[in-house]
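These notes are about the structure you will find just below.
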Number of protein chains: 2
Amino acid sequence: MPTKTYHIGVEATMEIIGGKWKSIILCHLRHQTMRTSELARAIPQISQKMLTQQLRELENADIVARHVYKQVPPKVEYSLTDYGESLSGILHELCVWGEDNIDRREAAGEEITLLSRDDV
Amino acid sequence: MPTKTYHIGVEATMEIIGGKWKSIILCHLRHQTMRTSELARAIPQISQKMLTQQLRELENADIVARHVYKQVPPKVEYSLTDYGESLSGILHELCVWGEDNIDRREAAGEEITLLSRDDV
DNA sequence: TCTAATAGTTACCTTTTGGTGGGTAGGGCA
DNA sequence: TGCCCTACCCACCAAAAGGTAACTATTAGA
């Protein structure tokens with residue numbers, strides 16, 4: 001296998017939490033274990049496909065754990081792994097900085113809304 | 001203009017520092033003001049086009065300041081704005097977490113290299 | 001006159017990412 | 001029997017992101 005090369009640490013981090021959905025998913029899982037359908041409700045803009053695809057990738061990176069309950073209809077829960085918890089502080093700061101950024105842009109006259117500010 | 005809507009703070013943050021290049025550029029500017037050519041040397045994989053495009057976008061978000069010296073050949077310097085400095089802590093953590101992640105994957109047997117670990 | 005030097009733009013193409021709509025499994029229940 | 005439920009998979013298409021290469025301007029200096 002050809003050796004994977006990074007030039008700076010942040011490159012690796014962004015490969016894991018980057019993209020349109022991963023950081024959002026992780027911000028939700030930071031507070032609680034959630035079922036697939038709960039995540040879908042918490043992130044109404046995401047499609048089924050993207051949700052499971054991103055969860056699979058986070059699982060492969062050992063950030064998210066998948067718990068399958070053997071029952072019908074199926075029940076699957078996702079939560080942060082211990083290693084995933086090491087991202088918790090960063091995720092929180094990303095949320096808070098974004099909230100401030102939105103306030104700032106609103107104060108500057110931009111038409112902008114933040115629906116929930118529940119990241120505590 | 002249609003109101004821009006976010007569901008969670010991190011969405012706004014990622015819109016600003018997301019993508020393949022922005023966080024890398026910002027990590028370099030965190031330590032020092034840099035000329036265009038210095039940035040290009042510090043990030044050898046980036047193309048001219050991407051470098052200026054990303055810098056423009058960071059400038060529009062008031063994260064990066066552009067200083068043009070009226071001389072020939074041209075000299076242009078980039079640095080974090082005061083507001084951009086508010087990302088400094090997060091950028092540092094993203095770097096450090098990535099370095100740890102690379103160590104972890106290397107320890108797990110993955111063929112992986114980190115060229116510089118100079119984010120202090 | 002010709003070239004080097006720096007920063008930047010543009011047109012064009014490829015790759016990656018994301019969206020849509022369909023389909024699966026398998027037990028519960030009317 | 002036939003339909004519901006949840007999770008999830010696949011084929012296909014559209015849009016966004018990124019890469020390549022050629023071009024610009026300007027002036028110092030060989």
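To find a chain, count down the sequence lines: A is the first, B the second, and so on, and within it residues start at 1.
Between the P atom of C:dA7 and the CD1 atom of B:Ile25 lies a distance of 14 Å, rounded to the nearest Å. Regarding B:Leu39, its CG atom lies at a distance of 14 Å from the P atom of C:dT6, rounded to whole Å.
Interface residues of residues 60-69 of chain B facing DNA chain D, ordered by number: none; criterion, heavy-atom separation under 4.0 Å.
Partners of B:Lys49 under the salt bridge (Lys or Arg N to Asp or Glu O under 4.0 Å) rule, at least two apart in sequence or in another chain, do not exist in this structure. A:Arg56 is linked by a side-chain contact (heavy atoms from CB on, under 4.5 Å) to A:Thr52, A:Glu59, A:Arg66, A:Tyr78, counting only residues two or more places apart in sequence or in another chain. With sequence neighbours excluded, the residues satisfying side-chain contact (heavy atoms from CB on, under 4.5 Å) with A:Arg104 are B:Asp62, B:Tyr83. For A:Gln54, the side-chain contact (heavy atoms from CB on, under 4.5 Å) criterion is met by A:Trp21, A:Lys22, A:Ile25, A:Met50, A:Glu57, not counting sequence neighbours.
Axis angle across the helix from C:dT1-D:dA30 to C:dA30-D:dT1, with five pairs used at each end and values rounded to 10°: 30°.
Here B:Leu114 is tied into one hydrophobic group with A:Tyr6, B:Ile102, B:Ile112, each link being a pair of ILVMFWY side chains closer than 4.5 Å. Its side chain outside the 4.5 Å cluster rule for every partner, B:Val72 clusters with none of the Ile, Leu, Val, Met, Phe, Trp and Tyr residues. Residue B:Leu115 is found outside any hydrophobic cluster, as its side-chain heavy atoms come under 4.5 Å of no other Ile, Leu, Val, Met, Phe, Trp or Tyr.
A salt bridge links B:Asp103 to B:Arg117: one of the charged nitrogens lies within less than 4.0 Å of a carboxylate oxygen. Classification of A:Lys4 and B:Glu106 as a salt-bridged pair fails, no side-chain N sitting under 4.0 Å from a carboxylate O.
Formation of a donor-acceptor pair under 3.5 Å by the A:Thr13 side chain with backbone atoms of B:Leu94 is found in this model. With hydrogens and angles ignored, the 3.5 Å screen pairs no side-chain donor or acceptor of A:Thr5 with any backbone N or O of B:Thr113.
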- Task: In sequence, state the C-alpha distance, the side-chain angles, and the governing distance for B:Arg105 and B:Glu111, and then conclude on side-chain contact (heavy atoms from CB on, under 4.5 Å).
- Result: CA-CA 8 Å; B:Arg105 289 157 67 184; B:Glu111 288 284 351; over 6 Å; no
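From the 5' end on, the contacts that DNA chain D makes with chain B at under 4.0 Å to a non-hydrogen atom open and close at D:dG18 to D:dT27.
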- Which letter, B, S or -, goes with each nucleotide of nucleotides 9-30 of chain C from 5' to 3', with contact meaning a protein heavy atom under 4.0 Å? B-B------BBB-----BB---
Which side-chain N or O atoms in residues 32-46 of chain B pair as donor and acceptor under 3.5 Å with protein atoms at least two apart or in another chain?
residue, atom, partner, partner atom, Å
B:Arg35, NH2, B:Pro74, O, 3.3
B:Glu38, OE1, B:Arg35, N, 2.7
B:Gln45, NE2, A:His7, ND1, 3.4

